[in-house]
Amino acid sequence: MIIDNELKGLIPPLTDEEYKGLEESILKDGCRDALVLWGEILVDGHNRYEICTRHNIPFKTVQKEFTSRDDVLLWMIDTQFSRRNLDAPDRILLAQKKAPILERMARENQAAAGGDRKSDEYKKTAFVNNDKSDISEQPKTAVPEKLKAVELSKPVIEKKPEPSKSIHVREEVAKMAGVSNGTVAKFEQVQKKKPEMIDSIRKGEISINQAYSAIKLEEKKETIKQAEKQIAEQAADELKPILHIGDSTKFKPTKKYDLLLTDPPYSTDVDDIEKFVDSWLYNALDNVKDTGFAYIFIGAYPDELRAYLNAKIPQHMKLSQQLIWTYKNTLGNNPKDRYKQNYQSCLFYRGTNAPDLDCPLTAEQWAVQEINAPDGRQGDRYHSWQKPIEIAERFIRHSTKQGDIIFDPFACTGTFLLAAAKLGRKAYGFEINPDNAKIAFERGCIRG
């Protein structure tokens, strides 16, 4: 007796409960139904043959004549339909195997008849039920000559239906399985996208609709995830800090900004600190909203403090405090005539209608902010007077919300602009030195 793996795998396997019931019946009453052979090939009774062989139980065989291998396949499928109380998933699986065979046979009939697919002759032959008569005992015969040419060790590869016929086949599958076209379509989606779920469907652990819904939900989540990613990337592009190369004192903004955050040149870098302060401070503060804020880092030199404290400012802005940024990780020279300076001032301005600070952490609300200066040994220092990005992020979080406009007229290498963009703020700035601007562009700013 020959076990053809393709034929054996054609039939949906019994559930554990069904197999156990069949085994108990055979052990009790013997193998009552004869195994069906086509020559030496077993075509019906694979489970009975396995149980009988394992328990050394005798069994009978009968021969059945078939005209072709496709004829065998159709008979096996129809026998299962008539014999077993199959659930919808197994009926669909069997129908999916039957429909392509019928279509293939119809094409062969059409070719033999010389007709085309639209002819009446084709319509008559397409999807004809090829059921054979009931089983009858016949003398055992030798294997047909044509069977010897078949390589039983290799599965027979069926040619897939043409794409234009997929809907037609689905309708036939639905008709044979006794379900709707929609149910077959959902089942096909599960087979295609989550084949591992088919076994759970067959066991009744999950329905076809539930499996399909789970797939669609997963696809929806993935679609949302991709959309969010795309939106985030687009938003990131829109929020990239813009740096203009040029003199900010000549800039006339079209919109006022929510925060002025800057670190202008110190008295050690300009010839006349009072003249320099007058050249930019008033106009810069005047372009801040009356609901906005300003943080301006300055040196801790007496003449510089005097120039800023005495400078004229717009009426809608008020100098609220002098904050201190202090650090202990830089050495420098040790002066003998004065104390070593390890801090810089930061002037804090509020608009007349500015809200309260958003500062939930008490440790961040001290007027003295102690944060290490950027360290060249760590690779995060691009300029001698560069401020730590941490202090910039603190001030931005305290005084603005996402989407607010932040302006830095002395952006240098872009630290404040980058901090603002990182927190979802719209950042604009100017830098007059092309070398500094080049570093800012390399760090992530885009040229305005």
Side-chain angles (χ1 to χ4, degrees), residues 1-14 22 31-53 58-86 90-113 115 121-161 165 169 172-173 175-177:
M1 187 180 299
I2 297 173
I3 304 298
D4 186 312
N5 288 330
E6 185 206 6
L7 299 184
K8 182 179 179 181
L10 180 68
I11 308 303
L14 297 175
L22 177 63
C31 188
R32 293 175 295 183
D33 298 323
L35 279 60
V36 181
L37 302 178
W38 177 35
E40 294 182 354
I41 300 175
L42 180 62
V43 297
D44 183 61
H46 291 84
N47 291 307
R48 282 172 282 150
Y49 174 74
E50 183 181 281
I51 293 171
C52 290
T53 302
F59 56 84
K60 297 179 181 179
T61 64
V62 295
Q63 282 288 333
K64 188 166 179 63
E65 292 293 338
F66 298 98
T67 59
S68 66
R69 188 176 181 84
D70 279 344
D71 204 16
V72 174
L73 297 173
L74 290 178
W75 181 85
M76 291 180 66
I77 293 171
D78 290 334
T79 299
Q80 293 299 314
F81 269 123
S82 62
R83 181 184 296 166
R84 291 175 61 181
N85 184 23
L86 300 172
D90 285 337
R91 295 200 306 273
I92 294 174
L93 286 170
L94 283 173
Q96 285 178 328
K97 295 174 181 178
K98 181 177 180 179
I101 298 172
L102 291 177
E103 187 184 29
R104 182 169 63 244
M105 293 176 71
R107 285 199 299 267
E108 292 172 355
N109 290 340
Q110 173 210 354
E121 185 64 30
Y122 172 76
K123 293 176 181 177
K124 291 178 182 178
T125 58
F127 295 104
V128 174
N129 192 321
N130 283 270
D131 288 353
K132 298 299 175 182
S133 57
D134 295 337
I135 304 173
S136 60
E137 293 195 13
Q138 301 174 17
K140 187 172 182 180
T141 61
V143 180
E145 287 297 323
K146 62 180 179 181
L147 188 61
K148 295 180 180 179
V150 178
E151 277 191 65
L152 298 176
S153 61
K154 295 184 179 180
V156 175
I157 301 176
E158 297 178 350
K159 184 179 179 181
K160 295 182 179 179
K165 289 290 178 182
V169 172
E172 292 300 324
V173 169
K175 186 187 301 182
M176 286 185 280

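We're numbering straight along the sequence, starting at 1. Atoms considered below: every heavy atom in the structure, side chains included; atoms not considered: hydrogens, waters and symmetry mates. Note that this is a predicted model, so its numbers are computed, not measured.
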>> According to salt bridge (charged side-chain N to carboxylate O under 4.0 Å, His left out), who are the partners of K8, at least two apart in sequence or on a separate chain?
In response: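 Result, salt bridge (charged side-chain N to carboxylate O under 4.0 Å, His left out) vs K8: none returned.
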> Would M176 and L94 count as a side-chain contact (heavy atoms from CB on, under 4.5 Å) if you check the C-alpha gap in whole Å, the side-chain angles of each, and the deciding distance to 0.1 Å?
Replying inline: CA-CA 9 Å; M176 286 185 280; L94 283 173; over 6 Å; no
>> Using side-chain contact (heavy atoms from CB on, under 4.5 Å), reason through T53 and M1 one step at a time and then give a plain yes or no.
In response: CA-CA 12 Å; T53 302; M1 187 180 299; over 6 Å; no
>> Pair I101, I77 - check side-chain contact (heavy atoms from CB on, under 4.5 Å), show working.
In response: CA-CA 11 Å; I101 298 172; I77 293 171; 4.3 Å; yes
Heavy-atom pair with the smallest gap, counting every atom of [X] and [Y]:
X    : Y   : result
V173 : I92 : CG1-O, 4.1 Å
P58  : C31 : O-CB, 3.9 Å
V62  : A34 : CG1-CB, 3.8 Å
K64  : W75 : CE-NE1, 3.2 Å
L37  : L42 : CD2-CA, 3.6 Å
F59  : C52 : CD2-CB, 3.8 Å

>> Exactly one of H46, R48, K60 should register a side-chain contact (heavy atoms from CB on, under 4.5 Å) with L35. Which one does?
In response: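 For L35, the side-chain contact (heavy atoms from CB on, under 4.5 Å) test succeeds with only one of H46, R48, K60, which is R48.
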> Any donor-acceptor pair under 3.5 Å linking the side chain of Q63 with the backbone of G39?
Replying inline: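 Looks like yes, one N/O pair under 3.5 Å.
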> Donor-acceptor pair, D71 side chain versus T67 backbone, under 3.5 Å?
Replying inline: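 Here the side-chain-to-backbone pair exists.
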>> Using the salt bridge (charged side-chain N to carboxylate O under 4.0 Å, His left out) definition, which of the options K98, K97, R104 pairs with D70?
In response: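 The salt bridge (charged side-chain N to carboxylate O under 4.0 Å, His left out) with D70 is passed solely by R104 among K98, K97, R104.
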Quick check: do [X] and [Y] have side-chain heavy atoms less than 4.5 Å from each other?
X   : Y   : value
Q80 : L93 : no
M76 : D44 : no
V43 : T79 : no

>> Just verifying a value: how many Å separate I3 CD1 and Y49 OH, rounded to the nearest 0.5 Å?
In response: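 Those atoms lie 5.0 Å apart.
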>> Working to the nearest 0.5 angstrom, can you tell me the gap between L14 CG and N47 CG?
In response: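 Reported to 0.5 Å precision, the distance equals 4.0 Å.
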> Which residues satisfy the side-chain hydrogen bond (donor to acceptor under 3.5 Å, both in side chains) test with R91, sequence neighbours excluded?
Replying inline: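 side-chain hydrogen bond (donor to acceptor under 3.5 Å, both in side chains) list for R91, sorted by chain: empty.
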